[in-house]
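Each chain gets a letter, A, B and so on, in the order its sequence line appears, and its residues count up from 1. All values reported here derive from a predicted model rather than from experimental measurement.
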Number of protein chains: 2
Amino acid sequence: MATIKKIFSDLHNESIDGVAYKNLHLKKQILTYFANTSDATITELSRELNFSAPKIAELLTELQKDGLVKDYGKAEDSGVGRRPNRYGLKPNSIFFVGVDVKKFHINIGLLDLKNTLVKYQEKVAFTLNNTPKSLDALCAIIQGFLKGLPARKDQIAGVGINLSGRINYKTGYSYSFFNFSEEPLSKIMEDKLGIPIYLENDSRAMAYGEFCNGAVGPEKDVLYINMDYGIGMGVMINGQLYYGKSGFAGEFGHIHAFNNEIICHCGKKGCLETEASGQALVRLFSERLCAGATSIVTKITRKTQDFLLDDIIAAANHDDVLAIECIAVIGEKMGEGIATLINLFNPDLVILGGSLSATGAYIRLPVKSAIFKYSLSLVSNETHLKMAELGEKAGVMGACLLVRSRLFAFE
Amino acid sequence: MATIKKIFSDLHNESIDGVAYKNLHLKKQILTYFANTSDATITELSRELNFSAPKIAELLTELQKDGLVKDYGKAEDSGVGRRPNRYGLKPNSIFFVGVDVKKFHINIGLLDLKNTLVKYQEKVAFTLNNTPKSLDALCAIIQGFLKGLPARKDQIAGVGINLSGRINYKTGYSYSFFNFSEEPLSKIMEDKLGIPIYLENDSRAMAYGEFCNGAVGPEKDVLYINMDYGIGMGVMINGQLYYGKSGFAGEFGHIHAFNNEIICHCGKKGCLETEASGQALVRLFSERLCAGATSIVTKITRKTQDFLLDDIIAAANHDDVLAIECIAVIGEKMGEGIATLINLFNPDLVILGGSLSATGAYIRLPVKSAIFKYSLSLVSNETHLKMAELGEKAGVMGACLLVRSRLFAFE
DNA sequence: ATTATTTTTTAAATATATTAATAAATTAAA
DNA sequence: TTTAATTTATTAATATATTTAAAAAATAAT
């Protein structure tokens with residue numbers, strides 16, 4: 001069995017041309033088909049990829065020799081005729097590490113080729129600051145995770161890392177965090193950890209998780225809204241993540257939506273994020289409490305101020321009226337923004353994700369009614385609104401799957 | 001030489017498979033390369049499409065037999081070595097008709113395979129109403145144009161028609177105009193005119209014209225803003241027009257942007273179009289005149305009310321202060337909307353088009369300054385802002401080129 | 001249980017594309 | 001002017017993929 005390094009260099013060998021190039025291309029098409037769809041028979045692949053059965057069979061045996069593909073045996077009875085063999089990715093050949101860096105904690109996990117989180121650690125203590133010390137702490141956590149894995153290091157294709165703010169995944173530069181060096185952040189971390197690093201914007205990675213393994217079915221044009229302290233978005237167009245020119249597409253939180261005087265951390269005034277985000281919810285909730293409103297959150301947390309977003313979400317899910325009211329206010333404003341997105345993107349599906357999505361219908365209903373109110377009905381009639389399915393795991397899943405997509409990618 | 005019908009059915013024969021399918025695919029790739037890029041040599045095509053030179057040569061001779069491709073002879077001196085032959089589309093083999101339906105007139109033209117408007121009629125008298133009579137008038141004009149063409153009818157691949165409002169190009173339904181029948185509009189017109197009809201949203205068609213033959217160079221993510229009485233947008237993502245689920249993507253004019261009481265013709269309040277469009281400009285200009293402001297427009301047109309948008313544009317281009325001031329007001333609001341687009345799409349290029357773009361810097365500068373004010377600088381720094389280059393011809397060009405793209409399209 | 005039917009898989013034959021080699025065209029240098 | 005160098009175009013030879021046919025595997029019907 002070839003090592004991951006060998007497979008990697010084979011798959012990305014750019015000096016290859018002619019027949020070898022075409023075979024390599026077809027191999028990647030097969031792998032991508034397995035990854036995006038599922039196991040398949042020779043005949044299915046032949047039809048789908050427009051190559052003859054013998055050719056597909058030849059490449060499948062090569063991929064099996066490489067250790068990437070497995071023969072899963074005879075398919076289920078499908079009526080009459082000989083039952084075909086099903087082929088698919090071999091789970092234990094390659095693994096991917098995903099690191100979801102949140103404001104106050106880290107989630108980290110190891111994914112195999114069958115989309116199983118082999119190992120997963122949630123809410124590892126960490127505080128995100130834009131300092132070298134914070135970066136060192138992050139590296140140390142990843143280092144520790146890499147040590148205790150049920151996989152050889154040469155089986156790990158890379159580490160995907162989600163950060164909030166502006167990220168250019170192609171260059172590896174981060175512009176909002178850990179941007180105190182001349183070199184791209186991905187390079188710095190690769191040097192420290194000795195393993196390929198792939199940076200991505202947090203919302204886009206979460207979106208990718210939902211796209212591949214969550215709420216998205218056959219839909220091709222999908223928007224994923226990450227509702228957390230800030231507001232982020234991941235855009236899928238024609239079945240692929242959309243980046244824009246420099247990887248900054250989807251800055252939904254910083255569109256100008258209000259004529260208020262609240263200064264956003266991006267430096268501008270009136271961003272959607274100033275009134276429709278988790279941080280706006282915390283502010284609104286505190287204001288209402290100060291103004292004399294009552295809530296069970298004070299009982300649960302024994303605090304009278306400095307509530308966390310999670311405290312309010314928990315209160316709402318315990319039927320706390322104040323929390324529910326405040327979420328409705330935020331949701332209405334969020335929905336107005338989403339109405340704009342629907343007019344512009346005419347998506348098949350909009351997914352509400354991020355920590356605020358844990359409030360379920362409390363956020364969904366005001367969003368839905370605002371969409372009706374503010375978008376063209378002909379357009380929004382075509383759009384489904386769903387809640388995210390992966391919850392807290394979305395980020396880690398997405399980060400891992402993005403590493404996979406880079407391994408299988410062509411060019 | 002094969003007839004257009006033969007070529008058409010060859011190019012879209014779906015029963016073909018195996019080798020014939022692959023050859024057909026490669027033929028279309030070659031044609032698309034010629035269409036999108038320019039003429040090319042065998043070696044260039046071989047490199048670009050990853051096929052061997054003999055294979056490319058074989059298909060090129062076939063395409064020459066079909067009458068679609070022409071040998072343009074030896075290339076310019078490129079230093080040392082044998083000079084290659086350049087091949088490209090043959091201009092007089094196939095033609096496309098484009099019809100740009102405006103509110104108060106029609107532009108109609110005939111395009112050859114070298115992007116030359118062989119015949120072009122501008123501002124043909126017509127008034128767009130949502131009535132069968134208006135539709136009949138439109139068909140009559142097209143019928144008349146088809147009669148006097150310097151091309152046989154069997155050489156015309158189809159007629160592309162631009163309409164404002166919501167269009168689903170796949171089904172051929174129009175939802176804003178001529179929507180009084182059960183059957184799709186494209187079907188109705190095909191039956192009347194006896195030639196394939198392709199409907200498209202007017203702004204998207206204009207955008208496509210600029211993409212293929214106007215202000216767009218190598219950029220892949222581009223937004224085209226159609227500033228007319230209404231506001232429209234065409235979106236190019238990854239080098240291709242973006243439609244969204246039902247072809248309604250890009251409804252920029254109807255995003256909710258103001259808390260005003262002006263009812264938009266879409267039925268909602270506060271649309272961007274109510275304050276940042278040509279119709280808003282006309283309203284603003286009239287109000288300022290009524291309030292006592294002076295303008296040369298009253299002298300030129302000898303009217304004291306009922307100004308057309310073109311009157312105000314002409315006045316501005318004659319340095320009329322009131323017109324320039326009003327355009328700046330509209331431009332500032334338009335720019336605020338475009339800032340939102342930039343945050344969401346992170347485009348390479350934004351093109352200002354439509355009749356208002358004829359005011360040049362008068363509209364460009366306020367738009368530009370609003371973009372600086374309202375979008376994330378990291379994102380907007382990456383975006384260029386250009387004026388459209390095709391002017392009034394954009395719609396006809398786009399309509400023709402869209403027919404072409406459907407002829408060459410695969411699937 | 002045997003035979004017919006259907007489908008996948010393998011194998012052989014055919015068709016096809018690529019590679020390598022040659023010829024042709026062009027420029028620069030001898 | 002001739003020769004060498006360079007690149008393209010064409011051809012012939014080789015490698016490759018596809019097609020066709022045959023075999024194998026599975027099920028249903030007789």
Side-chain angles (χ1 to χ4, degrees), chain A residues 10 13-30 33-34 37-65 69-88, chain B residues 10 13-30 33-34 37-65 69-88:
Chain A
D10 272 5
N13 193 338
E14 288 183 19
S15 63
I16 276 174
D17 68 337
V19 175
Y21 173 92
K22 288 187 184 173
N23 282 341
L24 190 58
H25 186 63
L26 188 49
K27 270 193 186 181
K28 286 187 186 180
Q29 280 191 282
I30 293 173
Y33 186 90
F34 287 147
T37 314
S38 69
D39 299 350
T41 68
I42 290 176
T43 313
E44 280 167 16
L45 288 169
S46 170
R47 254 199 302 275
E48 198 65 32
L49 307 176
N50 284 301
F51 278 85
S52 66
K55 183 70 198 166
I56 299 286
E58 174 198 325
L59 292 181
L60 277 179
T61 49
E62 275 190 39
L63 285 167
Q64 278 171 283
K65 272 185 200 157
V69 164
K70 192 180 154 185
D71 183 343
Y72 281 92
K74 296 271 172 272
E76 290 300 294
D77 180 10
S78 63
V80 77
R82 175 172 170 174
R83 277 162 32 197
N85 280 32
R86 301 200 71 82
Y87 299 86
Chain B
D10 272 5
N13 194 337
E14 288 181 21
S15 63
I16 275 174
D17 68 338
V19 175
Y21 173 92
K22 287 187 183 173
N23 282 342
L24 191 59
H25 186 63
L26 189 49
K27 271 194 186 181
K28 288 188 185 180
Q29 279 192 285
I30 293 173
Y33 186 90
F34 287 147
T37 314
S38 70
D39 299 349
T41 69
I42 291 176
T43 314
E44 280 168 17
L45 288 169
S46 169
R47 254 199 301 274
E48 199 64 32
L49 306 176
N50 284 301
F51 278 84
S52 67
K55 183 70 200 164
I56 299 286
E58 175 197 323
L59 292 181
L60 277 179
T61 51
E62 276 189 41
L63 284 167
Q64 279 172 283
K65 273 185 201 158
V69 165
K70 192 181 155 185
D71 183 343
Y72 282 91
K74 298 268 172 274
E76 292 299 294
D77 179 11
S78 63
V80 77
R82 173 172 172 175
R83 275 159 38 196
N85 278 33
R86 299 199 72 81
Y87 299 86

Asker: Output all residues satisfying side chain to side chain contact (heavy atoms under 4.5 Å, CB included) with B:T41, sequence neighbours left out; order by chain, then residue number.
Answerer: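 If we apply the side chain to side chain contact (heavy atoms under 4.5 Å, CB included) test to B:T41, skipping adjacent residues, the hits are B:T43, B:E44, B:P84, B:R86.
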Asker: In Å and rounded to the nearest 0.5 Å, what is the CG to CD distance from A:L59 to A:Q29?
Answerer: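 Nearest 0.5 Å value for the CG-CD distance: 10.5 Å.
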Asker: In whole angstrom, what separates A:L60's CG from C:dT8's P?
Answerer: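 Atom CG in A:L60 sits about 14 Å away from atom P in C:dT8.
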Asker: How long is the straight-line distance from CG of B:N50 back to CG of B:L45, given to the nearest 0.5 Å?
Answerer: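 Those atoms lie 11.5 Å apart.
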Asker: Restricting to nitrogen or oxygen on both sides, can you table the protein-nucleotides 6-9 of chain D pairs closer than 3.5 Å?
Answerer:
| unit_1 | atom_1 | unit_2 | atom_2 | d |
| --- | --- | --- | --- | --- |
| D:dT7 | O2 | B:R82 | N | 3.0 |
| D:dT8 | O2 | B:R82 | NH1 | 3.0 |
| D:dA9 | OP1 | B:N85 | N | 2.7 |
| D:dA9 | O4' | B:R82 | NH1 | 3.3 |
| D:dA9 | O4' | B:R82 | NH2 | 3.1 |

Asker: Could you list the residues that satisfy side-chain hydrogen bond (donor to acceptor under 3.5 Å, both in side chains) with B:N85, not counting sequence neighbours?
Answerer: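 Testing B:N85 for side-chain hydrogen bond (donor to acceptor under 3.5 Å, both in side chains), a comparison that skips the adjacent residues, returns B:D71, B:K74.
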Asker: Nearest 0.5 Å, please: how far is CG in B:L26 from CD1 in B:I56?
Answerer: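 Between B:I56 CD1 and B:L26 CG, I get 5.0 Å after rounding to 0.5 Å.
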Asker: Write down the atom of B:S46, the atom of B:S52, and the distance for their closest heavy-atom approach.
Answerer: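 For B:S46 versus B:S52, the nearest heavy atoms are OG-C, 3.9 Å.
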Asker: Restricting both atoms to N or O, compile the protein contacts to nucleotides 16-18 of chain C shorter than 3.5 Å, with distance only.
Answerer:
| unit_1 | atom_1 | unit_2 | atom_2 | d |
| --- | --- | --- | --- | --- |
| C:dA17 | OP1 | B:N23 | OD1 | 3.3 |
| C:dA17 | OP1 | B:K55 | NZ | 2.5 |
| C:dA17 | OP2 | B:K55 | NZ | 2.8 |
| C:dT18 | OP1 | A:K22 | NZ | 2.4 |
| C:dT18 | OP2 | B:S52 | N | 3.3 |
| C:dT18 | OP2 | B:S52 | OG | 2.4 |

Asker: Within 45° of the axis and under 6.0 Å from the centre of the six-membered ring of B:Y33, does NZ or CZ of B:K28 qualify?
Answerer: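 Because its charged atom misses either the 6.0 Å distance or the 45° angle limit, B:K28 does not stack over B:Y33.
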Asker: With sequence neighbours excluded, what pairs up with A:E58 under the side chain to side chain contact (heavy atoms under 4.5 Å, CB included) test?
Answerer: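 Counting only residues at least two positions away or on another chain, A:E58 forms a side chain to side chain contact (heavy atoms under 4.5 Å, CB included) with A:K55, A:E62.
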